[in-house]
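Each remark here refers to the structure printed beneath this line.
To find a chain, count down the sequence lines: A is the first, B the second, and so on, and within it residues start at 1.
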Amino acid sequence: MNVMNAFSTPSIENVAHNDDQATQKETTPNAYVRMEDVGHCYDPTPDGPMAVQHINLDIYRHEFVAVVGPSGCGKSTLLRMVAGLLIPSHGEVSVFNKPVTEPRDDVGIVFQKPNLLPWLTVKKNVLFPLKHKYGHVSLEDKKRADELLTMTGLASFADKMPDELSGGMQQRVGIVRALLLNPDILLMDEPFSALDALTREQIGFDLLDIWRDHPKTVLFITHSISEAVLLADRILVMSKRPGTVLDLIDVNLPRPRTAKDMNSTRFCELTETIRGHIYEPHSRA
Amino acid sequence: MNVMNAFSTPSIENVAHNDDQATQKETTPNAYVRMEDVGHCYDPTPDGPMAVQHINLDIYRHEFVAVVGPSGCGKSTLLRMVAGLLIPSHGEVSVFNKPVTEPRDDVGIVFQKPNLLPWLTVKKNVLFPLKHKYGHVSLEDKKRADELLTMTGLASFADKMPDELSGGMQQRVGIVRALLLNPDILLMDEPFSALDALTREQIGFDLLDIWRDHPKTVLFITHSISEAVLLADRILVMSKRPGTVLDLIDVNLPRPRTAKDMNSTRFCELTETIRGHIYEPHSRA
Amino acid sequence: TAAMAADHVTFQLDWLPGGDKAPVYVGIQEGFFRAENLDVKVATGRGSTDAITKIATGQADIGMADIGALMAAKAQDDVPVSAVAAYFTQAPHAFFVLSNSGIHNIKDLAGKKVATSPFTSSNAFLPLVLKQNGLSDKDITLIKADPGALGPMLMTGNTQAIIAWVTNTALYKAQAAQAGKTITVLPWSEGGLSLYSSSIIASDRFLSERPEVAKRFIKAFEKAVVYTYAHPEKAGEDLHDIVPEVDPKIAAAQIHSIYDLVYNKISQSDGFGVLTAKRLTTTWQYVAKANDLSPDSLNPEKIVNKAFMPTPN
Amino acid sequence: MNHTPAPKAALHAPQQSHNSKTTASGVKQWFKKQGYRFAPWLFFISLLILWESICRLGHVPTYILPSPSSIINAFFNVSFSRWMVHLWATLRVALLGFIVSILISIPLSIALIRSELLNRTIYPVLVVIQSTPVVAVAPLIIVLMGTGDASRVLITCLITFFPLVVSTTTGMLETPQELIELSQSLRAPRYRETWQIRIPYAIPHIFSGLRVSITLAIIGAVVAEFVAAEQGLGYFIQFSTSFFKIPQAFAGLVFLSAISLLLFKSVHWIQAWLFPWSLPKKK
Amino acid sequence: MNHTPAPKAALHAPQQSHNSKTTASGVKQWFKKQGYRFAPWLFFISLLILWESICRLGHVPTYILPSPSSIINAFFNVSFSRWMVHLWATLRVALLGFIVSILISIPLSIALIRSELLNRTIYPVLVVIQSTPVVAVAPLIIVLMGTGDASRVLITCLITFFPLVVSTTTGMLETPQELIELSQSLRAPRYRETWQIRIPYAIPHIFSGLRVSITLAIIGAVVAEFVAAEQGLGYFIQFSTSFFKIPQAFAGLVFLSAISLLLFKSVHWIQAWLFPWSLPKKK
Ligand SMILES: Nc1ncnc2c1ncn2[C@@H]1O[C@H](COP(=O)(O)OP(=O)(O)OP(=O)(O)O)[C@@H](O)[C@H]1O
Ligand SMILES: Nc1ncnc2c1ncn2[C@@H]1O[C@H](COP(=O)(O)OP(=O)(O)OP(=O)(O)O)[C@@H](O)[C@H]1O
Ligand SMILES: [Mg+2]
Ligand SMILES: [Mg+2]
C-alpha cells in the first residue's frame, strides 16, 4: 500500500487552521458536515429533557473525527442525526450546505449493535447494502467483500449464519458491511468495542489504509481515548448528559501513523488532555 | 466501606500457591469450578471444527478470574459451559466436584448482549431474575436495586423502557441485573465494553467493592488487558480459535486496588506479559 | 332431425338429488329428452330460494321449486321467473312422531315439544295448520335445529315430534328402524292445509326466447314423471346411474311415499300438471298470511305462464 | 473549549424560520391528520354512492344486490327492539365463544410448546377439528349439548380456537434463545419461563391471532345460528334470504359488519391499553 | 504455560465412560426418538379403539356418532373412482383458492403497510368482507362468476385471505426499527425495503397465517360446495347427511381431515425447505 499518500489527505490541512471552532465558523464555507446549534430531545412533551444540545461542529471533507464522551451523552444520537435517521429537534445538520431532512444515501453506518440480517449468511450480509441499494452486486463487489472478510479474519466464516458467530465476529461483519459500500461519509458507532486489543489495532490501521486510499469523511465514536488519538484528525469530547461540546482537539500527529506513535510525547499529551477532560469534575455530576 | 477487608478475600492465599496449574491440579481438591480437558464443537458432524479445546482450569472459591483472548477464541463458549447453558462435547466442567449437566441456578450472568426484556422498565428488568426465580421481590431487593442503579448512574432511568436507553446504559442495566442476584458464581462476558473510560473504571471498582463485601467466584471476560490486571486474581490468556490455554497469570497485586496501582511496576510488567502473549506470533495465524 | 344439434337445457333442482327429483334423471336415462332432441343438464340447489335465484339470474333455464317461495319472491321483487306446471299438488309438510308416542293426530300435539329446522318453509305454514286443528303457537314448544339433527332428536327423545317433508318418510323410517322404533307420519295436507307445492318453474327469458324448446322439455318431463311413478324401482336405478351416491332402493321408497303428492284427487280432477286459478289463490292466501305479506301485493295468476301448461282435463 | 452558544443573530434567524416552518408544516400536518381521520368515512360514503348508482343505473335487481337505499328502508321496517334481540343473541354467543376459546387455546398452546409428545399427538387432532365442517357434526353437537346457547358457544369455539393456537405456539417458539437461557440460568420453574418470558414475547403473535379469531367468532356465531337458533343476526339473515327478503338480509349484514368492526377494533384497543410496548412504534 | 494435554490414563478413562454413556443414552435416545415418531400413530389408534368401544358399549346409534368400523365399512361402499372425483374437486378448489389468496394478500398487506391512508380505509372493508356470511352474498357471487369453479375459488379466497393479511401486516410492522434504519440509510427503493427486509422478517408470522389459511381453504372449498356444486367432499358430506347416511358422511370427513393434515404439514415442509432459518432452533 502506498504509504506516502496518507499525507495528502485533504482534511489534515484544513484542520490545522481550525483551533477555535466558534470564531472560525463563518469563515469555513467548505465545511462538509455542519452542525449548527444542534440539539435533540426524545421526549415529545414540551419541556422534555434534552439528550444532546448546543452542538456546533464543522467536519471537513475527508476529515476523520472521533467522538468520545461518557455513556449516554448522546454520541449515537449525534451520529443518527448526521445520517438523517433522526431529525434534530433543535438546530440543523447540513451536508454541503444542504440541510439533512431525510435519511442520506451517501453514508455507511456501523451501528452500535451489529444489526445483521439473521436470514443471510455472513457474505450475503456484507453484500446486502449493495444489493439493497442498487439491486445487484457485481463480481468486483464480491471480490472486495472477500478481501475485506479476509482482512478482518472472517474468510472462513463467509458462509455461516450470523448466530453462529461470536460477538466480536458479528461486529466485524458490521464493519465490513459499511466499508464495502465505500460511502462518502462513514459513521461508526463504537465499531471496535467487542474486539481484543490486537484485532482492534489491526482493524484500526486497516481502516486508516482504506481511508487513505479511498478518502471519505469519517465520524468515529469510541470509548478508547488512545484509539481516538491514533486514528483521528480531530477529537470531539462531549460532556455528560445532556451532551454538549466540551472540547474539540486537533491531533496533529503525522500520518501514516503506526503503533510506535503511541509512545510519542504528543500522543501522551493528547491522551492526558482528554483523560483530564473526562475525569474533570464538570464532565460528570 | 471497610477497605481492610479486601485482603482477607480467601482466594488470594490459594492463588499464591498456584504457580503451575498443570502439576498442582491433583493437589487442589478445594477447587470450586473445575474444567477438565474441556472442549466444545458446535458442528454436529463428527469431525467438525472445535471452538475451544483442552481447557484445564481450576477456579477457587471466591476467586476473581479474568479471561482475555482474541475475538472468536471461545471465551463466551467457555462461560456458557460454566453456566451449564452448554454441555461441553469433550471433557467435563464441574462445580464442587459435581459435574455441570444442566443450567445452574447459582450463577449470575452478564451476557455479551444486554438481553433485556423489552416489555419491562429498567427497574423491572433489574428485578426480573429475582421475580423469575423466587416469584416475588422483597422491599429489600427493591432498595438494593435502587442503590445499584444509582451506583451505575441509572437512577433517573429506572422507569424508562430499554429501547429508550443508550447502548452503554443497557449494558449497565445488564450488570445491575446480575449483581442484584448476588449469586455464588458471577459470569461476566465483556460487561464494560460499551462504557467510557471513567464509567468503566468506576464500575470496575464498584464491582471489586461488592465482591469484597459479598465474596463470590467471578469469571470475567474482557478485552482490556489493564482492566483484567486491575480486577483479577488470575488471568486466563487464550489462544486464537480453536481456543486453548496460552497462559494463566497470577496478578498478585495487593488489594484493595486503586487507579494508582496502574502506575506500579508490577502492573506494567503484567500488562506487558499479556500484551506479549497476544502480540506473539503463535497467538494468531 | 337427428343431424340437428340437440338443444341444451339446464334443469335446476331445489335440493340435492333424491327420489322426489327422479323424473328429470329418468327423462335423461330413459331417453325422453333425447327423443325431443334435448340435451339436459341437471344442477343441484340448496332450497327453493336458491333455485329461483339461479333461474332468475340465468344459471339455469327451468327447474323445480316451491310455488309458495316463487309467490313470495314475486310479491317482493319482480323476479323474471314463472311457474309453468304443477308437480306436487299437495303440501309435503308433515309432523313425524314415534308410533308409540300416543300422538295420533295433530290435535294430540298440544303441550308437546316439536323440533323443526330453522329455515324450512314449513315454519311459515305451521301456525296455519295448528289453527286449523284448534291449536295455537303457544300450545307447542318449538325447537329449531339443523335438519340433520331432527331425526336423532326424535329417536333420542329430545323432542316428541319433528316437522319434515313426506319426501323424507323413507329416510326417517330407515333411521327409526335402526333405533328399533317405528314412525307415524301426520301429513299437513290431511290436517286441512290445501295448497300447491313443488312446481316446475322457468325463467321468462327461456320461455320467450326458446318457447319451442320449453314446450318440448315440458312434454318430455311429463312423460318422465309418469314413467317415474309407474316404475319407481327403475326410476331409482336411473337416478343411481347418474348420481352414484344415491341408493336406488331408498330412492324407490321415496318415490312410493310421495306418490300421493303427485297423483291425488286434485291432479285427477284438474289434470296432471295444471295450476288452476282457484287453488293458486288459496295457495297465495296461505303464503301471504304465512309470510306476513299483503294479499293485494300479488295477483297469483300472474305468476303462471299458461302458454306452457299441460292441457286441463 | 467550544461550548459557545451560537451568535445572537444566528440564533434568531433559524428560530424564525424554524417557527414559520412549524406553522406551515403545522397546517399541512393538521390537514393530513384530518385527512387520515375522515378518509375512512369519505371512502365509505363514496363506496355507498357508487353502490347506489350501480344499482340504479345498472338496474341491478334487488335479489342480486339490493341498493343501499332499499337496505336502509328494510332496516327501518324492522323494529328497534327486534334488532336488539338479534344483535344481542349473536354478540353474546360470539363473545362467549371467543372468551372460551381464549381460555382453552392459551393453556393448550403452552402444553403443546412444553411437550414435544403432546405437540405431535394433539396438533393433528386440532387440525382435524378445525377442518371438520360444522354441519357434519351438527347432530352430534345438538344431541350432546341441546339447542341452547351451549351448542352455539361450542360451535363458535370450534371455529375460533385454531388461529389462536397457531399464533400463540408460533410466537412462543420464536422467543429468542438468549431470553430462554436467561430463564434457564435462574432455574426458574417452567411456568414462569412460560408466563414471564414466552407469553410476553408472543404477545404480538397472540394479538394477531386474536384479531383473526374475533372475526371468526362472529362467523362462528352465525354458523351456529344456522344450525340451531330462534334469533340472532345469522338466523335473521338466513331467514330473510329464505323468504326472499334480500334487502332485509343485507340490513342484517350491516349489523353483523358493524359488530365485527367494533370487536376487531376492541382487540386493538385492548392491546394498546394492556400491552402498549407490543405495538410497533409510530414515527 | 498450561496447554498440557491430559495424562494418558486420564484420557482413556473418561473416553471409555464417555463411550458407554453414549451407548446407554443412545439406546434411550433411540427409544425416545421412536416414541416421538410413533406417538401420533399410537395415540390415533387408541383414539379409534376408544371411539369404537364407546359406540359399541354405549350403544351409541350410528345416526348420532357412527363407529369407526361402520365408517370404514361405508368407506368401501363408495367406489374408489367416486372418492377420487370428490377428493379432486375439493382439493382443486382449496388449493386454487389458497394460492389466489396468497397472491392477493401479500401485495395487499404491503399496500396496507406502506400507506396509512389505505390502511385506514381498506382494513375496515377487509374486516367486513371477512365477517360476511357467504350464504348472504351467494347470489351476487353466482351472478358474477357463474356456478363453476370460479365462484368456488372466490368463496374460498374470501374465507382464506384474512388471516394472511393480518399476520403479514403484523409481521411486517414488527420489523425492528434498526433494520428499517439500515434500509433508510441506503435510500433503497421502498419495494426493496419491503421485499428484502420486511417480508423476510415477517416470514414466521406469514407462515403462521398460512397454517391457519390452509385449513380455512379446506373449509372454504366445503362451504363453496354447499352453495353450488355437483361434486366434492363437502357436497358428498352434505348429500350423505341429507340421506341420513351418517357413516358415509363421516367417511367423507375422514378424507377431508386427511387433506387438511396433509396440506397443513406441507406448509410446514415448505417453510423448512425454503426458509429453514425461520424455524425455531431445536436444542
Ligand atoms: N429511542 C430513545 N427514546 C428515548 N430516549 C432515548 C432514545 N435513545 C436514546 N435516548 C436517550 O438519549 C440519551 C443519549 O443516548 P445515546 O444513545 O445517543 O447515548 P450514547 O452517547 O451513544 O451512549 P453510549 O455510549 O452508552 O452508547 C440517553 O440518555 C438515552 O437515554
Ligand atoms: N451458536 C453457534 N453455532 C456455531 N458456532 C458458534 C456458535 N457460537 C459460537 N460459535 C463459534 O465458536 C467460536 C467461539 O465463539 P465465542 O462466542 O465463544 O467467542 P468469543 O471468544 O466469545 O469471541 P468474542 O470475543 O468475539 O465474543 C467462534 O468461532 C464462533 O464462530
Ligand atoms: Mg451509543
Ligand atoms: Mg463472546
Side-chain angles (χ1 to χ4, degrees), chain A residues 42-43 49 51 68-77 111-114 152-154 156-157 160 163-172 189-190 192-203 221-226 237-238 240-241 243 259 271 274-275 277-280 283-285, chain B residues 42-43 49 51 68-77 111-114 152-154 156-157 160 163-172 189-190 192-203 221-226 237-238 240-241 243 259 271 274-275 277-280 283-285:
Chain A
Y42 282 99
D43 201 334
V68 298
S71 167
C73 73
K75 302 180 294 296
S76 302
T77 306
F111 293 94
Q112 196 163 4
K113 294 177 201 163
T152 50
L154 292 171
S156 56
F157 293 88
K160 301 261 168 171
D163 62 358
E164 293 177 277
L165 301 189
S166 77
M169 287 165 155
Q170 289 180 15
Q171 213 181 24
R172 282 181 269 166
D189 197 348
E190 306 186 23
F192 305 156
S193 64
L195 302 180
D196 61 290
L198 181 62
T199 312
R200 192 169 186 146
E201 213 174 284
Q202 282 181 342
I203 295 190
I221 298 176
T222 180
H223 284 310
S224 163
I225 295 166
S226 55
V237 185
M238 288 177 72
K240 67 170 211 319
R241 184 187 147 92
T271 46
I274 298 169
R275 211 178 293 277
H277 278 306
I278 287 178
Y279 289 88
E280 235 170 56
S283 83
R284 293 183 70 89
Chain B
Y42 282 100
D43 201 333
V68 298
S71 166
C73 73
K75 303 179 293 296
S76 302
T77 304
F111 293 93
Q112 197 165 3
K113 293 176 201 165
T152 51
L154 292 171
S156 56
F157 293 89
K160 300 263 169 170
D163 63 357
E164 293 176 278
L165 301 190
S166 77
M169 287 165 155
Q170 290 179 16
Q171 213 182 23
R172 281 180 270 165
D189 198 349
E190 306 185 24
F192 304 156
S193 65
L195 301 181
D196 60 291
L198 181 63
T199 313
R200 192 167 186 148
E201 215 175 282
Q202 281 181 343
I203 294 189
I221 298 176
T222 180
H223 283 310
S224 163
I225 295 166
S226 55
V237 185
M238 288 176 74
K240 69 171 209 317
R241 183 186 149 91
T271 47
I274 299 169
R275 211 179 292 276
H277 278 305
I278 288 178
Y279 289 87
E280 237 169 54
S283 81
R284 295 183 70 91

Heavy-atom cut-off 4.5 Å, strictly under: side chain, backbone, both or neither for [X] against chain A?
X: B/Ser76; value: neither
X: B/Glu201; value: side chain
X: B/Lys113; value: side chain

Could you tell me the separation between the NZ atom of A/Lys160 and the CG atom of A/Leu154, rounded to the nearest 0.5 Å? 12.0 Å

How long is the span from the CD1 atom in A/Ile221 to the CG atom in B/Asp196, to the nearest 0.5 Å? 12.5 Å

Relative to chain B, which of A/Ser166, A/Gly69, A/Ala194, A/Gly72 shows the most heavy atom pairs under 4.5 Å? A/Ala194

Stepwise, does the side chain to side chain contact (heavy atoms under 4.5 Å, CB included) test hold for B/Glu164 with B/Met169? CA-CA 9 Å; B/Glu164 293 176 278; B/Met169 287 165 155; over 6 Å; no

Among A/Gln171, A/His223, A/Arg200, find the residue that satisfies the side-chain hydrogen bond (donor to acceptor under 3.5 Å, both in side chains) test when tested with A/Ser193. A/Gln171

